> 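Below is one structure. I have some questions about it.
Any value given below was found using the heavy atoms of this structure, including those in side chains, with hydrogens, waters and symmetry copies removed. Because the structure is a prediction, the values reported are computed rather than measured.
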Amino acid sequence: WNPVNDAPIVGDIPDVNFNEGGFNSSIDLDYYVTDIDSLASEISWTYSGNTNVNVSIDPGTHIVTFSSQPGWYGQEAITLIAQDPGGLSSNHTLIATVVASYGSVSGRVTDEINGLPVAGILVKAYNWDTNELVDTAQTLSDGTYRVKGLTPENYRIYADPQSLDYGYEYYNNTETQ
């Protein structure tokens, strides 16, 4: 009888997404490798292909953490390589997507007469040049709101009273109804 070392088999490791300036530590590589000759804990992991995405694999837990270079966003193919104690290896390439961190606008809507916060107002952000509606937010019980996902542009912020008994008003009071 002559035992043969078989290479590990790496399954489909899912692609990852995370925000610019953030990270993703959701992948435990032990769930994606099988080797009839070795335990998952005996597999060593390396990676290749990264330029702007930082990759760190904990040697004890095999949890991989992805982060990005400061100010960078986009996609990068990362190859994760599993090697068994006998030196045989297998790999899988995933796509790491770093989502650009966009800006936001926040504020507070209050009643003009008594100064109390107004809940339930729909606040809309329109692109200043195209008048296109970009995103919305609803005021909370304290009247505050945050419109997220704004690229570097000029915006018109509009508090829409919907069915509430308030008039239309723009942020800088230049246009009212």
> Please report the interatomic distance CD1(I157) to OH(Y126), rounded to the nearest 0.5 Å.
10.5 Å
> Can you name the nearest heavy-atom pair linking P8 to A82, along with the distance?
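In terms of heavy atoms, the two residues are closest at CG-O, 3.6 Å.
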> Are L94 and I9 connected in a single hydrophobic cluster, I mean Ile/Leu/Val/Met/Phe/Trp/Tyr linked by side-chain heavy atoms less than 4.5 Å apart?
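No: no chain of side-chain contacts under 4.5 Å links I9 to L94.
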> Measuring from D35:CG to I43:CD1, what's the distance to the nearest 0.5 Å?
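Reported to 0.5 Å precision, the distance equals 4.5 Å.
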> Applying side chain to side chain donor-acceptor pair (under 3.5 Å), can you list everything that pairs with T93, at least two apart in sequence or on another chain?
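Once residues adjacent in sequence are excluded, the partners of T93 under the side chain to side chain donor-acceptor pair (under 3.5 Å) criterion are T79.
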> Mind checking whether Y47 and V10 sit in one hydrophobic cluster, side chains of I, L, V, M, F, W, Y counted as touching below 4.5 Å?
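Per the 4.5 Å side-chain linkage, Y47 and V10 are co-clustered.
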> Tell me whether V99 shares a hydrophobic cluster with F66, the cluster being built from Ile, Leu, Val, Met, Phe, Trp, Tyr side chains joined at under 4.5 Å.
no
> For the hydrophobic clusters of this structure (ILVMFWY residues joined by side-chain heavy atoms under 4.5 Å, transitively), does one cluster hold both L140 and L122?
no
> Closest heavy-atom contact between T65 and S25?
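Distance-wise, the nearest heavy atoms are OG1-OG, 2.8 Å.
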> Is any side-chain heavy atom of V55 closer than 4.5 Å to one of I78?
yes
> Which heavy atom in A119 sits nearest to a heavy atom in S141, and how many Å separate them?
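Answer, listing the atom of A119 first, then S141: CB-CA, 3.7 Å.
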> Rounded to the nearest 0.5 Å, what separation is found between the OG atom of S68 and the CG atom of N54?
7.0 Å
> How far does CG of L29 sit from CD1 of I57, to the nearest 0.5 angstrom?
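Between atom CG of L29 and atom CD1 of I57 there are 5.5 Å.
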> Just by modelled atom types, is the T61 backbone N or O under 3.5 Å from a matching donor or acceptor in the D58 side chain?
yes
> When hydrophobic residues are tied together by side-chain contacts of less than 4.5 Å, even through go-betweens, does F23 share a cluster with V64?
no
> So R156 and N131, do their side chains get closer than 4.5 Å, heavy atoms only?
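In short, these two side chains touch, coming nearer than 4.5 Å.
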> Heavy atoms only: give me the nearest A159-I121 pair and the separation to one decimal.
CB-CG2, 3.9 Å
> Look only at the side chain of D37 and the backbone of D6, and say whether a donor-acceptor pair between them is shorter than 3.5 Å.
yes
> Can you tell me how far the CZ atom of F18 sits from the OG atom of S26, to the nearest 0.5 Å?
10.0 Å
> What heavy-atom pair brings S89 and A7 nearest, and what distance separates the two atoms?
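Heavy atoms of S89 and A7 come nearest at O-CB, 4.0 Å.
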> Is the side chain of R108 donor-acceptor paired with the backbone N or O of D142 at a distance under 3.5 Å, no angle test?
yes
> Sub-3.5 Å donor-acceptor pair from the side chain of N91 to the main-chain atoms of I81, do we have one?
no
> Looking at Y32, is its backbone amide N or carbonyl O close enough to the side chain of H92 to form a donor-acceptor pair, meaning the two atoms are under 3.5 Å apart?
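Checked: no pair found.
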> Do T51 and E76 have side chains that get closer than 4.5 Å, going by heavy atoms?
yes
> Distance check, rounded to the nearest 0.5 Å: K124 atom NZ versus T136 atom OG1?
8.0 Å
> For a quick test of reading the model, state the closest non-hydrogen atom pair linking N19 to V98 and the distance between them.
C-CG1, 4.2 Å
> Side-chain contact, heavy-atom cut-off 4.5 Å: W45 with V33?
yes
> Is there a donor-acceptor pair under 3.5 Å between the side chain of T139 and the backbone N or O of V118?
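Flag set: sc T139 to bb V118 pair under 3.5 Å.
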> Do any N or O atoms from the side chain of Q138 and from the backbone of G120 form a donor-acceptor pair under 3.5 angstrom?
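Yes; at least one donor-acceptor contact below 3.5 Å.
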